[in-house]
Amino acid sequence: MRHIKASKEVLVRGIWLAIGWAALGLGIIGVVLPVLPTTPFVILAAFAFGKGSERLQQRLHDHATFGPIIAEWNATGAIAPKYKTIAITMMSAALGLSIIMAMPFKVIVIQAICMAGAATFILTRPNGAG
């Protein structure tokens with residue numbers, strides 16, 4: 001019976017690690033791809049790593065770029081105005097590029113709706129330091 005419980009714990013930790021790595025990967029991609037917001041994925045990665053590996057969670061908290069974002073979020077639920085500006089600017093640029101490239105209208109509408117949702121979330125968070 002103990003063996004089954006240990007196996008289940010290993011499986012659950014593995015799932016949390018997979019979620020953490022996937023979220024971190026998407027967050028890193030979001031640094032250069034404006035359609036993906038970096039901050040929520042990095043915060044999710046920190047949470048998931050906390051469930052799967054305290055060592056990986058600590059490495060993320062100690063990271064020069066991502067650590068302050070996580071600390072600010074944990075302390076106040078805030079996003080620094082600098083990151084808000086970058087996110088909104090990049091989303092606007094991506095939508096503008098889609099329009100210039102004459103993407104299908106349906107694609108532009110879907111993109112605009114998704115970006116409007118992300119922008120609303122970002123802009124309604126309190127302003128953090130930075």
Side-chain angles (χ1 to χ4, degrees):
M1 190 64 148
R2 234 199 255 179
H3 177 68
I4 293 172
K5 185 175 180 182
S7 295
K8 182 180 176 186
E9 289 175 9
V10 169
L11 177 64
V12 169
R13 281 177 43 115
I15 291 169
W16 280 115
L17 285 172
I19 292 169
W21 283 114
L24 184 58
L26 289 170
I28 291 169
I29 291 168
V31 169
V32 294
L33 188 64
V35 177
L36 290 174
T38 298
T39 301
F41 285 117
V42 171
I43 292 166
L44 175 60
F47 175 79
F49 284 151
K51 301 287 186 182
S53 169
E54 290 181 23
R55 182 181 60 81
L56 288 174
Q57 182 188 39
Q58 191 59 50
R59 284 188 65 189
L60 198 54
H61 280 261
D62 293 340
H63 191 273
T65 301
F66 299 136
I69 295 170
I70 296 165
E72 188 73 45
W73 180 262
N74 286 340
T76 64
I79 301 173
K82 171 175 83 172
Y83 297 119
K84 288 182 180 185
T85 300
I86 291 169
I88 301 303
T89 300
M90 295 299 285
M91 285 189 281
S92 298
L95 184 60
L97 186 61
S98 293
I99 293 168
I100 290 169
M101 292 174 51
M103 298 295 285
F105 181 72
K106 190 184 237 182
V107 171
I108 292 172
V109 169
I110 292 169
Q111 187 179 19
I113 291 169
C114 292
M115 287 181 178
T120 300
F121 175 80
I122 290 166
L123 293 173
T124 58
R125 299 306 99 207
N127 286 334

Taking the side chain from Lys84 and the backbone from Arg125, do they hold a donor-acceptor pair closer than 3.5 Å? yes

Any side-chain heavy atom of Ile122 sitting closer than 4.5 Å to one from Met91? yes

Taken to the nearest 0.5 Å, the spacing of Ser53 OG from Leu60 CG works out to 11.0 Å

First locate atom CG of Leu56, then atom CD of Gln58, and finally report the distance between them rounded to the nearest 0.5 Å. 11.0 Å

Drop me the distance from Gln57's CD to Trp16's CH2, to the nearest 0.5 angstrom. 11.5 Å

Nearest-0.5 Å distance, CG of residue Leu17 to CG of residue Leu24: 12.0 Å

Side-chain contact, heavy-atom cut-off 4.5 Å: Cys114 with Ile110? yes

Grab the two heavy atoms, one from Ala45 and one from Gly20, that are nearest each other, plus how far apart they are. CB-O, 3.5 Å

Inter-residue atom distance Thr38.OG1 - Ile43.CD1, 0.5 Å rounding: 10.5 Å

Without hydrogens or angle criteria, can the side chains of Glu72 and Thr76 be said to hold a donor-acceptor pair below 3.5 Å? yes

Using 0.5 Å steps for rounding, measure from the CD1 atom of Ile88 to the CG atom of Leu123. 4.0 Å

Can you name the nearest heavy-atom pair linking Ile19 to Ala48, along with the distance? CG2-CB, 3.9 Å

Which atom pair, heavy atoms only, marks the closest approach of Ile70 to Ala46? CD1-CB, 3.8 Å

Check the angle between the aromatic planes of Phe121 and Trp73 and answer parallel, tilted or perpendicular using the 30° and 60° thresholds. tilted

